[in-house]
> 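One structure, as structure tokens, below. Some questions next.
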Protein chains: 2
Amino acid sequence: MSTDRLSMTLQALADPTRRAILARLATGEATVNELAEPFDMSLPAVSRHLKVLERAGLVEQGRTAQFRPRKFRPEPLRDLAGWLENYRRFWDESFDRLDAYLKELQKGEKHGSDPKDR
Amino acid sequence: MSTDRLSMTLQALADPTRRAILARLATGEATVNELAEPFDMSLPAVSRHLKVLERAGLVEQGRTAQFRPRKFRPEPLRDLAGWLENYRRFWDESFDRLDAYLKELQKGEKHGSDPKDR
DNA sequence: GAGTTAATTAACATACCGGTTAAATAAATC
DNA sequence: GATTTATTTAACCGGTATGTTAATTAACTC
């Protein structure tokens with residue numbers, strides 16, 4: 001397997017079980033047992049899927065007592081989205097205007113969004 | 001390997017050689033020999049990479065004399081981008097405003113963009 | 001400290017991936 | 001029709017992925 005960041009991310013996501021785990025984690029932290037519950041699969045198998053997601057930087061391991069709660073890390077997805085942008089013009093008809101809008105955002109708001117907006 | 005569309009797409013993209021091939025094809029059609037040229041790899045190896053990309057629907061095979069020119073198909077990337085959108089809010093600070101803008105686009109322009117714009 | 005709960009590691013099996021070289025197929029050219 | 005050019009298929013190989021069950025580690029609980 002290729003070991004560059006993007007390849008690892010794509011590889012990690014190329015499995016429905018792992019995408020399901022990620023979707024679950026996007027709703028909040030969870031333990032391995034909780035994550036394994038929906039799947040017809042042994043615990044070690046899930047544990048290994050998690051290791052793949054961790055290697056890709058999509059999941060982070062915490063530690064509380066005998067629990068190792070997992071947490072979702074979106075950064076690799078941001079990078080993947082960035083790579084995908086190179087191809088958006090091939091399918092997105094309104095890409096030109098979207099692109100213009102994004103450039104506008106970037107120009108006028110280098111400081112980021114107002115915290116009270118969230 | 002998982003055989004659902006999204007998994008196949010991600011699997012296909014999870015290899016730097018295949019991403020390079022795709023990048024090349026995004027600039028226009030090319031034969032297998034042309035595609036293989038930049039790589040330190042046998043022709044059959046490239047041929048098989050192409051088959052993976054084709055299975056994912058990212059590449060289409062043409063036929064002219066003894067040549068089988070390959071063509072880029074962006075649709076699976078559009079779908080992947082769609083999937084990624086579910087997670088954008090996790091990393092994009094300006095997602096709220098972008099989302100608003102996209103909704104605006106969708107509302108006001110159901111007919112698509114003006115052809116003369118392209 | 002014995003037992004329970006949470007999770008990983010070890011050992012193993014099967015299948016797939018990505019590369020190789022050699023042979024086969026397909027169409028053009030001499 | 002023999003040769004050249006383009007490409008795929010076949011046969012093979014080593015490494016890795018994904019699953020299993022059994023054993024181990026780690027921390028809490030009684």
Side-chain angles (χ1 to χ4, degrees), chain A residues 1-22 24-25 28-72 76, chain B residues 1-25 28-72:
Chain A
M1 207 244 301
S2 305
T3 54
D4 63 282
R5 204 77 162 116
L6 186 53
S7 295
M8 300 246 292
T9 301
L10 289 159
Q11 180 63 48
L13 296 175
D15 181 291
T17 301
R18 287 193 290 262
R19 289 199 302 279
I21 288 175
L22 214 61
R24 165 64 186 81
L25 283 176
E29 294 194 12
T31 67
V32 178
N33 268 292
E34 287 166 351
L35 291 170
E37 197 274 319
F39 302 106
D40 184 22
M41 189 182 297
S42 69
L43 215 54
V46 173
S47 193
R48 288 165 71 130
H49 277 303
L50 284 168
K51 191 162 285 184
V52 174
L53 290 166
E54 276 155 31
R55 213 155 43 98
L58 285 160
V59 163
E60 196 184 53
Q61 197 190 72
R63 187 87 189 234
T64 311
Q66 72 269 54
F67 305 91
R68 276 91 151 184
R70 297 315 206 279
K71 198 179 166 181
F72 173 49
Chain B
M1 208 241 302
S2 305
T3 54
D4 63 283
R5 202 77 160 115
L6 185 53
S7 294
M8 300 246 292
T9 301
L10 289 160
Q11 182 62 49
L13 296 174
D15 181 291
T17 301
R18 287 194 290 263
R19 288 198 303 276
I21 289 176
L22 213 61
R24 164 67 187 79
L25 283 175
E29 293 194 12
T31 66
V32 178
N33 267 294
E34 288 166 350
L35 290 171
E37 197 274 322
F39 302 106
D40 184 24
M41 191 182 294
S42 70
L43 217 54
V46 173
S47 192
R48 287 164 69 132
H49 277 304
L50 284 169
K51 188 162 286 184
V52 174
L53 289 166
E54 276 155 31
R55 215 156 42 98
L58 286 160
V59 162
E60 196 185 52
Q61 196 188 72
R63 187 85 189 237
T64 311
Q66 74 268 54
F67 305 91
R68 276 93 149 183
R70 297 315 206 281
K71 197 180 168 181
F72 173 50

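Only heavy atoms go into these numbers, but all of them, side chains included; no hydrogens, no water, no symmetry mates. Residue numbering restarts at 1 for every chain, and letters A, B, ... go by the order of the sequence lines.
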> Consider the side chain of B/Arg55, meaning its heavy atoms from C-beta on, and name the nucleotide among D/dA22, C/dC17, D/dT7 that approaches it most closely.
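Closest of the options to the side chain of B/Arg55: C/dC17.
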> Please report the interatomic distance CZ(A/Phe72) to CG(A/Leu58), rounded to the nearest 0.5 Å.
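If we round to the nearest 0.5 Å, A/Phe72:CZ and A/Leu58:CG are 6.5 Å apart.
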> Could you tell me whether the phosphate oxygens of D/dT20, OP1 or OP2, come under 4.0 Å of any side-chain nitrogen or oxygen in A/Ser42?
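Yes, because at least one side-chain N or O of A/Ser42 sits under 4.0 Å from OP1 or OP2 of D/dT20.
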> Is A/Ser47 near enough to C/dA7 that one of its side-chain N or O atoms lies under 4.0 angstrom from OP1 or OP2?
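So the side chain of A/Ser47 is outside the cut-off, no N or O lying under 4.0 Å from OP1 or OP2 of C/dA7.
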> Is the closest side-chain heavy-atom distance between A/Ser7 and B/Asp15 below 4.5 Å?
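Result no, sub-4.5 Å side-chain heavy-atom pair not found.
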> Between C/dA24 atom P and B/Leu43 atom CG, what is the distance in whole Å?
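Rounded to the whole Å, the gap is 18 Å.
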> Expressed as a whole number of angstroms, how long is the span from B/Gln11:CD to D/dT18:P?
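These atoms are roughly 8 Å apart.
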> C/dA11 P sits how many Å from A/Arg48 CZ, rounded?
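Interatomic distance, CZ of A/Arg48 to P of C/dA11: 13 Å.
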> What is the distance from atom CZ of B/Arg70 to atom CD of B/Glu60, rounded to the nearest 0.5 Å?
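Result: 10.5 Å between the selected atoms.
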> Using the criterion of both pairing distances under 3.5 Å for Watson-Crick and G-U wobble pairs, give all stems of 3 or more consecutive pairs involving DNA chain D.
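The stems are C:1-30 with D:1-30.
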> Please report the interatomic distance CG(A/Leu53) to CG(A/Leu13), rounded to the nearest 0.5 Å.
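The CG atom of A/Leu53 sits 7.5 Å away from the CG atom of A/Leu13.
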> What's the closest nucleotide to the A/Lys51 side chain, out of C/dT21, D/dT20, C/dT9?
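That would be C/dT9.
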> Do A/Met1 and A/Val52 come close enough that some side-chain heavy atom pair is under 4.5 Å?
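Counting from C-beta outward, A/Met1 and A/Val52 never come under 4.5 Å.
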> Between C/dC16 atom C1' and B/Met8 atom CE, what is the distance in whole Å?
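After rounding, the gap between these two atoms is 14 Å.
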> Specify the separation, in whole Å, of atom CG of A/Asp15 and atom P of C/dC17.
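It works out to 12 Å between those atoms.
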> Would you give the length of the straight line joining atom CZ of A/Phe39 to atom CZ of A/Arg24, rounded to the nearest 0.5 angstrom?
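Between A/Phe39 CZ and A/Arg24 CZ, I get 10.5 Å after rounding to 0.5 Å.
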> Among the candidates D/dT7, C/dT8, D/dG19, find the nucleotide nearest to the side-chain atoms of B/Val32.
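Nearest listed nucleotide: D/dT7.
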> Just by modelled atom types, is the A/Glu34 backbone N or O under 3.5 Å from a matching donor or acceptor in the A/Thr31 side chain?
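The answer is yes, because a donor-acceptor pair under 3.5 Å joins these two groups.
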> Using atom CG of B/Asn33 as one end and atom P of C/dA26 as the other, report the distance to the nearest whole Å.
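It is 18 Å, rounded to the nearest whole Å.
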> Compare all side-chain heavy atoms of B/Lys71 with those of B/Leu25 and state whether any distance is below 4.5 angstrom.
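SC-SC contact between B/Lys71 and B/Leu25 ruled out.
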> For B/Met1 and D/dT16, give me the distance from atom CE to atom C1', rounded to whole Å.
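My rounded result for the distance is 15 Å.
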> Can you see if the side chain of B/His49 gets near the phosphate of C/dC17 - specifically, an N or O under 4.0 Å from OP1 or OP2?
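The answer is no; no side-chain N or O of B/His49 sits under 4.0 Å from OP1 or OP2.
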> How close or far is atom P of D/dT9 from atom CG of B/Leu50, stated in whole angstroms?
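Between P of D/dT9 and CG of B/Leu50: 12 Å.
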> Nearest nucleotide by nearest heavy atom, which residue falls closer to the 5' end of DNA chain D, B/Glu34 or A/Val52?
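With A/Val52 and B/Glu34 compared, the 5'-side residue is B/Glu34.
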> Near DNA chain D, under 4.0 Å by heavy atom, which residues of residues 61-68 of chain B?
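Contacts with DNA chain D under 4.0 Å: B/Gln61, B/Gln66, B/Phe67, B/Arg68.
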> With a 4.5 Å cut-off on side-chain heavy atoms, are B/Leu50 and B/Gln61 touching?
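Sidechains of B/Leu50 and B/Gln61: no contact.
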> When rounded to the nearest 0.5 angstrom, what distance separates CG in B/Asp4 from CG in B/Leu10?
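With rounding to 0.5 Å, CG (B/Asp4) is 8.5 Å from CG (B/Leu10).
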> Would you say B/Arg18 places a side-chain N or O within less than 4.0 Å of OP1 or OP2 belonging to C/dC17?
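Negative; the distance criterion is not met.
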